[in-house]
Amino acid sequence: MKDPLAAFLGSLEVERHASPHTVKSYRADLEDFVRWRRADSAAEALRGIEPRDVRAFLAALHTRKLDPATVARKLAAIRSWFRFLRRRGVVADNPAQAIRPPRQGRKLVSFLPIDETVALMDGDETGADASARAAAIVELLYASGLRVSELVGLDRRDLDFGEMTVRVIGKGRKERIVPFGEAAAGALRAYLGARGAGTGAVFLNRRGGRLTVRSVHTIVRRRARAAGIVRRVSPHTLRHTFATHLLDSGADLRMIQELLGHSRLSTTQRYTHVGSDQLMRIYDAAHPRAKARA
């Protein structure tokens, strides 16, 4: 195998239908490992490699003060790469197989309370076109819980205003249909109506090309700042907010799993949590001494 790294990245795209963003992340992590090995090529980096070499790489990442989640991701990339190479007969063993990732503290997901969500949706930006596009973006993200990569990948044909649904191609090229509400529909009509009839991407940049993930992050951040929200807000914050507000309103966790496009329920459980208001309602209703006696 002339270039074992290129072969692996190609298999991610063709066999596993990984998104461009995923392939880019794997490439960056594995190139980091190859550089650390002081090798001129990926093939050279594989020579004589043992588990202790992988452990030494993780130790070097620790000295760079990378957070445990980043170290775990890089280890997962190395493990996947060697699993692929072993299946192809390039290496005899996977030196990363038995190495445990660093222990990670459980992070609480970040979401917006109802009042800040309303402020974000009702906010404004300078310029009518920018405002219409930003409104359509935040409304659709909150209405549907889409990943930012799914949002920028939408084409006009994916929107069904009659059924009030959007067709989404998620991770692993899996298709799902997600509903959206009147507020999102109105914002989308206003934005697309100003552009006139056409096909192609739903969200365009000023040059007429498809909007990028980075641009959406910038738009959401500016929109939040204009609404007076001081906390950090990203497109993923709106995905968390979508799931949390549904759960707080009594939606079934399995339904939320389907809407988010998660293959496993355990992933949905990490993304969503019961809000404090819901906890207090359950407590007040269920605990015999929750309310003061008259």
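Since this is a predicted model, take the numbers as computed values, not measurements.
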- Message: Considering only residues two or more places apart or on different chains, which pairs with a residue in residues 137-160 satisfy ring pair (Phe, Tyr, Trp, His ring centres under 6.0 Å)?
- Response: Y142-H245
- Item | Minimum side-chain heavy-atom gap D53-P95 below 4.5 Å | no
- Sequence neighbours excluded, which residues qualify as side-chain contact (heavy atoms from CB on, under 4.5 Å) partners of R225? R221, R222
- E150: salt bridge (Lys or Arg N to Asp or Glu O under 4.0 Å) partners, not counting sequence neighbours: R147, R176
- Task: Tell me, please, which residues at least two apart from R100 pass salt bridge (Lys or Arg N to Asp or Glu O under 4.0 Å).
- Result: none
- Query: Atom CG of L238 and atom OG of S144: how far apart are they, to the nearest 0.5 Å?
  - Reply: 9.5 Å
- With Y26 via ring pair (Phe, Tyr, Trp, His ring centres under 6.0 Å) - residues at least two apart: F8
- Task: Please report the C-alpha distance between T241 and T244 in whole Å, then the side-chain angles of each, then the deciding distance to 0.1 Å, and finally whether the side-chain hydrogen bond (donor to acceptor under 3.5 Å, both in side chains) criterion is met.
- Result: CA-CA 5 Å; T241 303; T244 301; over 6 Å; no
- CG of L146 to CG of L141, rounded to nearest 0.5 Å, is 6.5 Å
- Message: Ignoring hydrogens and geometry beyond distance, is a side-chain donor-acceptor pair present between T218 and S215 at under 3.5 Å?
- Response: no
- Query: In terms of hydrophobic clustering (I, L, V, M, F, W, Y; side-chain heavy atoms under 4.5 Å; direct or indirect links), are I177 and F180 co-clustered?
  - Reply: no
- Message: Could you check whether any side-chain heavy atom of I169 comes within less than 4.5 Å of a side-chain heavy atom of K174, counting everything from C-beta outward?
- Response: no
- Taking side chain as C-beta onward, heavy atoms only, is F242 less than 4.5 Å from L259? yes
- Message: Checking R52 now: which residues fulfil salt bridge (Lys or Arg N to Asp or Glu O under 4.0 Å) with it, not counting sequence neighbours?
- Response: E50
- Query: Would you say the side chain of F203 lies within less than 4.5 Å of the side chain of I137, judging by non-hydrogen atoms?
  - Reply: yes
- Message: Restricting to non-hydrogen atoms, name the atom on A72 and the atom on P101 that form the minimum distance, rounded to 0.1 Å.
- Response: CB-CB, 4.0 Å
- Any donor and acceptor pair, going by atom type alone, linking the side chain of T117 with main-chain N or O of P113 inside 3.5 Å? yes
- Task: State which residues pass side-chain contact (heavy atoms from CB on, under 4.5 Å) with D40; sequence neighbours excluded, sorted by chain then number.
- Result: E44
- Message: I want to check something: taking the side chain as every heavy atom from C-beta on, are F84 and V90 in contact at a cut-off of under 4.5 Å?
- Response: no
- Where is the tightest heavy-atom contact between A96 and I78, given as atom of each residue plus distance? CB-CG2, 4.0 Å
- What is the distance from atom CD1 of I229 to atom OG1 of T237, rounded to the nearest 0.5 Å? 9.5 Å
- Item | Rounded distance (nearest 0.5 Å) linking atom CG of L260 with atom CD1 of I256 | 7.0 Å
- Item | Partner residues of R156 under the salt bridge (Lys or Arg N to Asp or Glu O under 4.0 Å) criterion, sequence neighbours left out | none
- Mind checking the CG-OG spacing from L12 to S80? Nearest 0.5 Å is all I need. 7.5 Å
- Query: Can you find a pair of side-chain heavy atoms, one from V213 and one from P235, that are under 4.5 Å apart?
  - Reply: no
- Item | T212 and V152: CA distance, side-chain angles, deciding distance, side chain to side chain contact (heavy atoms under 4.5 Å, CB included) verdict | CA-CA 6 Å; T212 64; V152 299; 6.0 Å; no
- Message: Per the side-chain hydrogen bond (donor to acceptor under 3.5 Å, both in side chains) rule, what does the pair list look like for residues 27-37, sequence neighbours excluded?
- Response: D29-R73, D29-K74, D32-R64, D32-K74
- Item | Closest heavy-atom pair and its distance - P51, I99 | O-CD1, 3.6 Å
- For R47, what residues pass the side chain to side chain donor-acceptor pair (under 3.5 Å) criterion, not counting sequence neighbours? none
- Message: Side chains of L188 and L140, heavy atoms from C-beta outward: is any pair under 4.5 Å?
- Response: yes
- When rounded to the nearest 0.5 angstrom, what is the spacing between CZ in R214 and CD1 in I219? 13.5 Å
- Item | Side chains of L75 and L61 in contact at under 4.5 Å (non-hydrogen atoms) | no
- Task: Kindly determine whether L204 and Y191 satisfy side chain to side chain contact (heavy atoms under 4.5 Å, CB included), including the steps that lead there.
- Result: CA-CA 10 Å; L204 302 178; Y191 168 59; 4.1 Å; yes
- Message: Test side chain to side chain contact (heavy atoms under 4.5 Å, CB included) on R210 and D155; report intermediate values, then the result.
- Response: CA-CA 10 Å; R210 188 180 295 273; D155 290 327; 2.7 Å; yes
- Message: Could you report the tightest heavy-atom contact between A39 and A45, atom names first, then the distance?
- Response: CB-N, 3.5 Å
- Query: With a 4.0 Å cut-off, would you call R254 and D252 a salt bridge?
  - Reply: no
- Item | Residue pair A183 / E139: nearest heavy atoms and the distance that separates them | CB-OE1, 3.6 Å
- Item | Residue pairs, two or more places apart or on separate chains, that pass side-chain hydrogen bond (donor to acceptor under 3.5 Å, both in side chains) and touch residues 86-97 | E15-R88, N94-Q97
- Query: Would V220 and V148 satisfy side chain to side chain contact (heavy atoms under 4.5 Å, CB included), going step by step from the backbone distance to the final call?
  - Reply: CA-CA 11 Å; V220 172; V148 63; over 6 Å; no
Contacts table for residues 161-168: side-chain donor-acceptor under 3.5 angstrom, sequence neighbours left out:
from : atom 1 : to   : atom 2 : distance (Å)
R167 : NE     : E175 : OE1    : 3.3
R167 : NE     : E175 : OE2    : 3.3
R167 : NH1    : D158 : OD1    : 2.9

- Message: Please give me the minimum heavy-atom distance between A143 and A184, naming the atom from each residue.
- Response: CB-CB, 3.7 Å
